Amino acid sequence: MTSSSAAATTTTLLLTLSLLLFLSLPAPSLSSKPLCHPQDRKILLQFKNSFTNPNPSLPSWNPNITTNCCEWYGVDCDLTTNRVTSLSIFSTNLSGQIPASIALLPSLQSLTLRKLPYLTGTIPAAIAKLSNLNMLRLSWTNLSGPVPSFLSQLKNLTFLDLAFNNLTGSIPVEFDRLPYLGAIHLDRNKLTGQIPDWKFQSGNAPDIYLSHNQLTGLVPKSFGYYNYSTVDLSRNMLSGDLSFMFGSNKTVQALDFSRNSFEFDLSIVVFPASLTWLDLNHNKIFGSLPVGLTGLNFQLLNVSYNRLCGKIPAGGKLQSFDVTSYFHNRCLCGDPLPSC
Ligand SMILES: *[C@@H]1O[C@H](CO)[C@@H](O)[C@H](O)[C@H]1NC(C)=O
Ligand SMILES: *[C@@H]1O[C@H](CO)[C@@H](O)[C@H](O)[C@H]1NC(C)=O
Ligand SMILES: *[C@@H]1O[C@H](CO)[C@@H](O)[C@H](O)[C@H]1NC(C)=O
Ligand SMILES: *[C@@H]1O[C@H](CO)[C@@H](O)[C@H](O)[C@H]1NC(C)=O
Ligand SMILES: *[C@@H]1O[C@H](CO)[C@@H](O)[C@H](O)[C@H]1NC(C)=O
Ligand SMILES: *[C@@H]1O[C@H](CO)[C@@H](O)[C@H](O)[C@H]1NC(C)=O
Ligand SMILES: *[C@@H]1O[C@H](CO)[C@@H](O)[C@H](O)[C@H]1NC(C)=O
Ligand SMILES: *[C@@H]1O[C@H](CO)[C@@H](O)[C@H](O)[C@H]1NC(C)=O
């Protein structure tokens with residue numbers, strides 16, 4: 001037997017084996033999806049047809065191909081009730097506004113409309129009727145208008161993401177009434193006014209992302225009370241003191257306060273041992289770098305473009321960062337900057 005015919009025989013054998021295997025396997029998972037509830041299918045078709053380009057944007061949402069809406073792109077259903085529990089539409093050219101009929105999907109727990117550049121209009125009040133929602137993600141769209149305070153009626157929300165939109169106005173204080181909220185993303189909008197004086201019900205506040213807006217004023221003192229793991233207030237027009245955000249009893253991991261007008265004495269700040277990410281660049285922070293910084297396990301430290309002075313303490317991670325972590329201060333010196 002030549003090596004090529006041996007190879008051919010092996011290939012035939014493998015093909016036969018895989019065909020046998022394929023035939024003995026259970027039917028592909030698609031057809032094991034729950035059979036969608038007729039009322040939900042009707043609402044999904046209404047939702048689809050409310051857009052100006054439904055067929056090219058949601059080609060699988062076609063009852064001529066499959067009537068089972070649980071098999072359509074981005075749709076998930078509950079295995080026992082057959083109701084639609086999750087809708088996740090991502091990166092299509094779907095053009096138009098979010099229809100109020102979305103509220104007629106009563107079992108919806110997760111709603112994601114993301115990277116839809118032609119999604120316009122405001123966030124409809126109907127969304128507040130989706131009382132089972134735990135995840136609401138409307139991001140990278142052209143949605144405009146306010147961040148609605150009626151979202152605080154969605155008591156089960158654990159994740160709220162309205163980032164990368166064209167939202168205006170101020171941030172609702174009512175979000176502190178959401179007992180399970182673990183993260184709030186309002187970054188990359190055009191929000192103005194002050195950060196609300198949130199009084200979260202638990203000592204553990206959600207992760208807060210407010211960067212790239214036009215927020216002004218002071219950070220409310222109440223922020224000093226809570227345990228956060230991440231707070232990102234970068235690229236706003238915030239000012240004043242922030243020293244109350246630190247302290248040895250905190251459990252915070254990442255703080256980004258860069259590109260604002262914060263002004264306080266860094267020398268007296270005690271940093272929590274949990275802190276691994278601290279970006280303070282482009283503010284008006286003065287004083288010197290406290291020796292306590294050498295005890296922290298930083299992944300990132302950036303204090304550039306401030307008004308700091310004195311010797312960079314030696315030790316810990318402080319010399320593992322390059323000049324750009326420290327440059328453009330008033331008179332900061334020592335490794336990795338030139339010696340004092
Ligand atoms: C389904 O088929 C009907 C009849 O052929 C047709 O009129 C309709 O446009 C089709 N629907 C879609 C979404 O393609
Ligand atoms: C969306 O529209 C843009 C520009 O018209 C086009 O380049 C892109 O391919 C479209 N994307 C989809 C997923 O249809
Ligand atoms: C919003 O629309 C503008 C103009 O049509 C477009 O350039 C931009 O990418 C859109 N924004 C998003 C986040 O999709
Ligand atoms: C929140 O979710 C729980 C189950 O996770 C459910 O029992 C409850 O009804 C929901 N709350 C609201 C306001 O719908
Ligand atoms: C954002 O909204 C403003 C005012 O509502 C509008 O003038 C602007 O074109 C919008 N930007 C984009 C990218 O759509
Ligand atoms: C913050 O966390 C610490 C350590 O887990 C805990 O002792 C403290 O009570 C918490 N603070 C609040 C306000 O919940
Ligand atoms: C940390 O301690 C300060 C002062 O003792 C207290 O006011 C603050 O509530 C505490 N913060 C946390 C997160 O426990
Ligand atoms: C620190 O921030 C400055 C200003 O944005 C930037 O140029 C520099 O690359 C940053 N350095 C590090 C190490 O993050």
Side-chain angles (χ1 to χ4, degrees), residues 41-42 44-69 71-73 75 92 94 176 179-182 197-208 211-212 220-236 244-262 266 270-285 289 293 296 298-308 312 316-330 332 335-337:
R41 180 175 57 236
K42 193 180 126 200
L44 285 177
L45 285 173
Q46 272 180 24
F47 173 86
K48 172 189 156 183
N49 289 322
S50 75
F51 294 97
T52 58
N53 54 350
N55 290 328
S57 296
L58 294 170
S60 70
W61 289 35
N62 185 341
N64 296 348
I65 298 171
T66 172
T67 53
N68 186 4
C69 75
E71 293 178 16
W72 295 352
Y73 162 77
V75 178
T92 76
L94 207 58
D176 61 6
Y180 310 116
L181 199 58
D197 195 5
W198 279 317
K199 304 263 191 301
F200 296 107
Q201 287 163 24
S202 134
N204 295 317
D207 290 345
I208 294 179
S211 76
H212 288 84
K221 279 282 189 297
S222 58
F223 265 61
Y225 168 74
Y226 298 102
N227 283 324
Y228 301 95
S229 68
T230 300
V231 179
D232 182 357
L233 307 179
S234 63
R235 293 186 191 248
N236 279 288
F244 60 87
M245 296 285 288
F246 302 93
S248 60
N249 59 352
K250 298 285 199 323
T251 54
V252 66
Q253 284 158 29
L255 293 172
D256 190 345
F257 299 138
S258 63
R259 294 183 191 258
N260 281 285
S261 293
F262 292 120
L266 199 64
V270 177
F271 293 93
S274 52
L275 194 63
T276 58
W277 186 283
L278 179 63
D279 199 342
L280 299 175
N281 85 71
H282 283 95
N283 280 291
K284 298 173 181 167
I285 299 165
L289 293 180
L293 286 174
L296 276 79
F298 282 116
Q299 287 168 39
L300 180 130
L301 174 68
N302 197 333
V303 297
S304 66
Y305 294 91
N306 277 292
R307 296 178 179 169
L308 296 163
I312 298 170
K317 294 273 169 130
L318 297 197
Q319 277 65 44
S320 68
F321 300 108
D322 66 18
V323 172
T324 66
S325 280
Y326 302 104
F327 67 173
H328 293 280
N329 272 287
R330 188 161 283 167
L332 212 52
D335 191 14
L337 292 178

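Atoms within each ligand, like the ligands themselves, are counted from 1 in listed order. Because the structure is a prediction, the values reported are computed rather than measured.
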Roughly how far, to the nearest 0.5 Å, is [atom2] of [Y] from [atom1] of [X]?
| X | Y | atom1 | atom2 | result |
| --- | --- | --- | --- | --- |
| L94 | N53 | CG | CG | 6.0 Å |
| L181 | Q201 | CG | CD | 11.0 Å |
| D335 | L318 | CG | CG | 10.0 Å |
| L275 | Q299 | CG | CD | 10.5 Å |
| L301 | S325 | CG | OG | 6.0 Å |

Handout entry: F298 and F321 aromatic ring geometry - parallel, tilted or perpendicular at 30°/60° bounds
Key =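 The arrangement is perpendicular - the two ring planes meet at more than 60°.
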Practice task
Could you check whether the rings of F47 and F51 sit parallel, tilted or perpendicular, using 30° and 60° as the cut-offs?
Solution key: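 F47 vs F51 ring planes: perpendicular.
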Exercise for the section: Could you name the option among D322, L300, L301, N302 that has the heavy atom nearest to atom 2 (O) of ligand 8? Expected result: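 Nearest option to atom 2 (O) of ligand 8, by heavy atoms: N302.
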Practice task
Please indicate, with yes or no, if any protein heavy atom is found under 4.0 Å from atom 9 (O) of ligand 1?
Solution key: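 No, no protein heavy atom sits under 4.0 Å from atom 9 (O) of ligand 1.
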Regarding [X] and [Y], is there a side-chain donor-to-acceptor distance under 3.5 Å anywhere?
| X | Y | value |
| --- | --- | --- |
| N281 | S304 | no |
| N68 | T66 | no |
| K48 | N55 | yes |

Enumerate the atoms of ligand 8 whose separation from the nearest heavy atom of [X] is less than 4.0 angstrom.
| X | answer |
| --- | --- |
| S304 | 1 (C), 2 (O), 3 (C), 4 (C) |
| T324 | 1 (C), 8 (C), 9 (O), 10 (C), 11 (N), 12 (C), 13 (C) |
| N281 | 2 (O), 4 (C), 5 (O) |
| H282 | 4 (C) |

Starting from [atom], what is the nearest protein heavy atom, named by residue and atom, and what distance separates them?
| atom | value |
| --- | --- |
| atom 7 (O) of ligand 8 | F327 CZ, 4.0 Å |
| atom 13 (C) of ligand 8 | S325 OG, 3.3 Å |
| atom 1 (C) of ligand 1 | N64 ND2, 1.4 Å |
| atom 5 (O) of ligand 8 | R259 NH2, 3.0 Å |

Exercise for the section: Below 4.0 angstrom from a heavy atom of N55, which ligand 1 atoms are there? Numbered from 1 as shown, please. Expected result: 13 (C)
Fill in the blank from the handout: In ligand 6, the atoms that come under 4.0 Å of a heavy atom of T251 are 2 (O), 4 (C)
Practice task
Kindly confirm or rule out an N or O of N227 lying under 3.5 angstrom from an N or O of ligand 6.
Solution key: yes
Practice task
Before signing off on this row, confirm whether Y305 and ligand 8 have an N or O atom pair separated by under 3.5 Å.
Solution key: no
Practice task
Determine whether any heavy atom of Y225 lies closer than 4.0 Å to an atom of ligand 6.
Solution key: yes
Exercise for the section: Please indicate whether any nitrogen or oxygen in N62 is less than 3.5 Å from any nitrogen or oxygen in ligand 1. Expected result: yes
